[in-house]
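Notes follow the structure.
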Amino acid sequence: MDGSPIVAEYQKKLEDAERALMTVRERQGTALTALLAVCVLTLGLGWMAWREKAFPAWYPLLPLPVVAYFVRRYTRGHGEASQAVRLLDWRACGLSRLIGEWAGKGYDGAEFDNAEHVFQRDLDLFGEGSLFELLATARTAIGRRRLAEYLTEHVPLEESVERQNAVRELRPLAELREKIGLLGRFEAQESKRETFDRWFAMPVMKAPAVVRIVALVSTAVCVISALLGLAMVLPWSLVVLIVLICVPVNCGLGLAYQPDVRRVVDALQPVGVEISVFREGLELLQGSEFESAKLRRVVETLRQARAAGSIHRIERMIRWLNERNKDWFYGPSMFLLYATQMTMAIEAWRANHQEEMRAWLDDWAEFEVLNALAGYAYEHPGDPFPELAGDGPVFEGEGLGHPLLAEGICVRNDVSLPGPGSFYVVSGSNMAGKSTFLRTVGINSVLAMAGAPVRARRLKVSGLRVCASISVGDSLLNRRSKFLAEVERLKLTLEHARAGEPVLFLIDEIFSGTNSHDRGIAAAAVVKALTGYGAIGALSTHDLALTAMADETLGRNVHMGSRDGTDPMDFDYLVKPGVTQESNALAIARMAGVPI
């Protein structure tokens with residue numbers, strides 16, 4: 001992997017970013033040096049003008065335009081250096097993903113973890129070193145939340161096809177991804193859907209049109225009369241009279257709406273901070289051209305609504321509202337009813353555009369997750385897009401591997417579940433790779449449904465509802481044993497299959513918490529019911545008695561074990577036909593120091 005063309009490309013991009021940062025810092029250093037030199041010159045001229053009387057007193061002012069020029073260059077260099085550092089970090093993170101050093105360095109999605117989900121924990125979707133962390137290159141939390149939904153929610157096959165087409169189109173657009181990754185002035189700037197949802201959830205401030213007109217007229221009369229007084233057009237006695245009439249009106253309106261204004265101002269604080277990244281993203285998206293149906297639909301919707309311009313307007317209004325917090329303006333703003341009027345204007349915008357903005361947030365989230373998946377596709381050029389089949393359920397893959405394993409240690413296997421009722425019974429000794437095999441099938445199905453490439457040479461898959469029982473465990477808090485948790489998971493799997501959904505079941509050590517006799521009866525009943533509803537899948541077991549169920553249905557016995565049968569701990573992690581003939585429990589116990 002380290003010698004692949006994509007790694008070499010990223011290394012070159014990283015070196016280019018390092019050189020660009022060095023150039024920016026050199027320019028900034030030159031500007032600072034020149035600024036100091038000009039300042040010294042200015043001080044020298046000032047001293048000579050004062051002490052030696054050799055120059056007129058105004059000579060020290062001559063270098064001021066030059067000082068202003070270099071101050072501007074130096075301060076502008078701060079912004080350029082910040083962007084250069086961010087670009088360097090962006091490319092370094094990309095290289096880390098390619099060389100397998102990404103775990104623990106990105107967004108792990110722990111906030112989306114749900115122990116009750118039907119496959120989330122079983123397939124390592126969230127947490128350090130998870131699939132989410134590998135994929136989560138979205139700039140905003142809005143996109144990352146939608147990525148979590150892509151990985152966990154079942155969608156119709158037609159939606160997966162549209163996603164795949166969009167990801168295909170976005171895959172080569174590496175420059176666009178970098179622009180999106182650098183949105184905002186600072187990396188710490190964020191846009192969270194929850195921030196906007198809290199604002200949307202507030203009742204809209206009710207202000208009749210007549211109140212807004214009275215407030216505007218009263219304030220305008222105050223300001224205009226004061227200006228005319230300063231210009232000596234109106235006598236100050238009349239100006240004072242007008243002000244004495246208008247100010248009580250403003251104060252009365254301000255007191256009447258004070259609770260609503262405070263509530264809105266408090267809610268707008270985080271919105272004002274987070275809206276700029278969202279607005280910049282919409283501007284970039286509206287300026288792009290796409291061919292795939294999903295992307296074209298998103299862009300056309302935003303253009304028709306002039307979304308970026310509308311968001312820019314509300315962003316400006318929030319910024320203007322925040323001007324009242326400046327010391328010099330706070331006092332006058334109270335008499336001019338500034339905060340109340342700005343709040344009314346903002347709330348009027350929200351009343352007219354709130355539902356549209358919800359849709360714009362959804363559009364941005366959709367684009368961000370598709371762009372993140374396209375980045376994954378770009379960084380894994382050897383991973384093909386799966387064939388999404390409408391004649392399901394089906395899962396047929398060649399050279400299937402686990403996407404979280406480095407290429408050098410990833411062992412690939414073929415999988416053939418060609419139609420309704422087909423399944424594998426995977427037998428084998430401990431640590432032979434059975435659970436990883438089940439996870440490999442499941443996580444590639446999740447990638448396929450999300451519209452992403454898969455770790456395989458070829459994969460044909462239909463729109464499957466993944467249901468897994470691999471990592472279920474005891475819950476002291478919920479007073480639930482592992483066996484009960486497994487039973488509940490299987491019950492949920494059966495409900496999905498009974499409802500006619502195309503289920504892919506993945507069950508590790510089915511009913512391991514009970515005796516062999518009961519396990520055999522219960523396991524056979526579950527598998528018979530699932531396959532009877534047309535589900536496909538795989539289950540693993542140590543109990544060789546359970547392998548008999550494969551011969552009675554459309555099942556197929558396969559096993560995993562040692563490389564050549566001589567050393568029970570020398571695994572090759574390959575799926576082989578038939579039932580295992582190996583056991584290594586005693587060897588593992590001896591390895592752990594148990595005297596056997």
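Keep in mind that what you see is a predicted model, and the values were worked out from it rather than measured.
Between A432 and F571, the shortest heavy-atom distance links the atoms CA-CD2, 3.7 Å. The minimum heavy-atom distance between R358 and D197, with the atom names listed, is NH1-OD1, 4.3 Å. Listed here is the closest heavy atom pair of F505 and A535: CD2-CB, 3.9 Å. Nearest heavy-atom pair, G397 versus L459, reported as atom, atom and distance to 0.1 Å: CA-CD1, 3.7 Å.
Applying the side-chain hydrogen bond (donor to acceptor under 3.5 Å, both in side chains) test between D508 and each of S469, S435, S471 identifies S435 as the sole match.
Taking the six-membered ring for Trp and the full ring otherwise, F112 and F132 have centroids separated by under 6.0 Å.
Annotation: cation-pi geometry satisfied between K13 and Y10 (NZ/CZ under 6.0 angstrom from ring centroid, within 45° of ring axis). For the pair R556 and F423, the cation-pi criterion (under 6.0 Å, within 45° of the ring axis) is not fulfilled.
A salt bridge does not link R91 with E9: none of the charged nitrogens is closer than 4.0 Å to a carboxylate oxygen. A salt bridge links D122 to R489: at least one charged side-chain nitrogen sits closer than 4.0 Å to a carboxylate oxygen. Under a 4.0 Å N-O distance rule, the pair E187/R86 does not qualify as a salt bridge. Using a cut-off of 4.0 Å between Lys/Arg side-chain N and Asp/Glu carboxylate O, R458 and E396 are scored as not salt-bridged. A salt bridge links E379 to R97: at least one charged side-chain nitrogen sits closer than 4.0 Å to a carboxylate oxygen. Classification of R146 and E366 as a salt-bridged pair holds, one side-chain N sitting under 4.0 Å from a carboxylate O. E162 and R297 are joined by a salt bridge, as a carboxylate oxygen and a charged side-chain nitrogen come within less than 4.0 angstrom of each other. Ionic pairing of R198 and E194 is not present here: no N-O contact between side-chain nitrogen and carboxylate oxygen is shorter than 4.0 angstrom. Between E169 and R296 no salt bridge is recorded (no basic side-chain N to carboxylate O distance below 4.0 Å). Under the 4.0 Å criterion applied to side-chain N and carboxylate O atoms, D414 and R457 are assigned as salt-bridge partners. One finds no salt bridge joining K294 and D363 here, because no Lys/Arg side-chain nitrogen approaches an Asp/Glu carboxylate oxygen to under 4.0 Å.
Ring geometry for W364 against F367 counts as tilted: the plane angle lies between 30° and 60°, on a 0 to 90° scale.
Residue K528 qualifies as open at atom NZ: its count of foreign heavy atoms under 6.0 Å is 12 or below.
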Evaluate the side chain to side chain contact (heavy atoms under 4.5 Å, CB included) criterion for residues T195 and E190: first the C-alpha distance (whole Å), next the side-chain angles of each, then the deciding distance (0.1 Å), finally the verdict. CA-CA 10 Å; T195 298; E190 187 51 275; over 6 Å; no
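Side-chain contact annotation: Y378 with R171, donor-acceptor N/O pair under 3.5 Å absent. Checking R144 against T137 by side-chain atom types alone, no donor-acceptor pair falls below 3.5 Å.
With contacts defined as side-chain heavy-atom distances shorter than 4.5 Å, the pair L417/Y424 qualifies.
A distance-only check finds no donor-acceptor pair linking the side chain of T531 to the backbone of G534 [under 3.5 Å].
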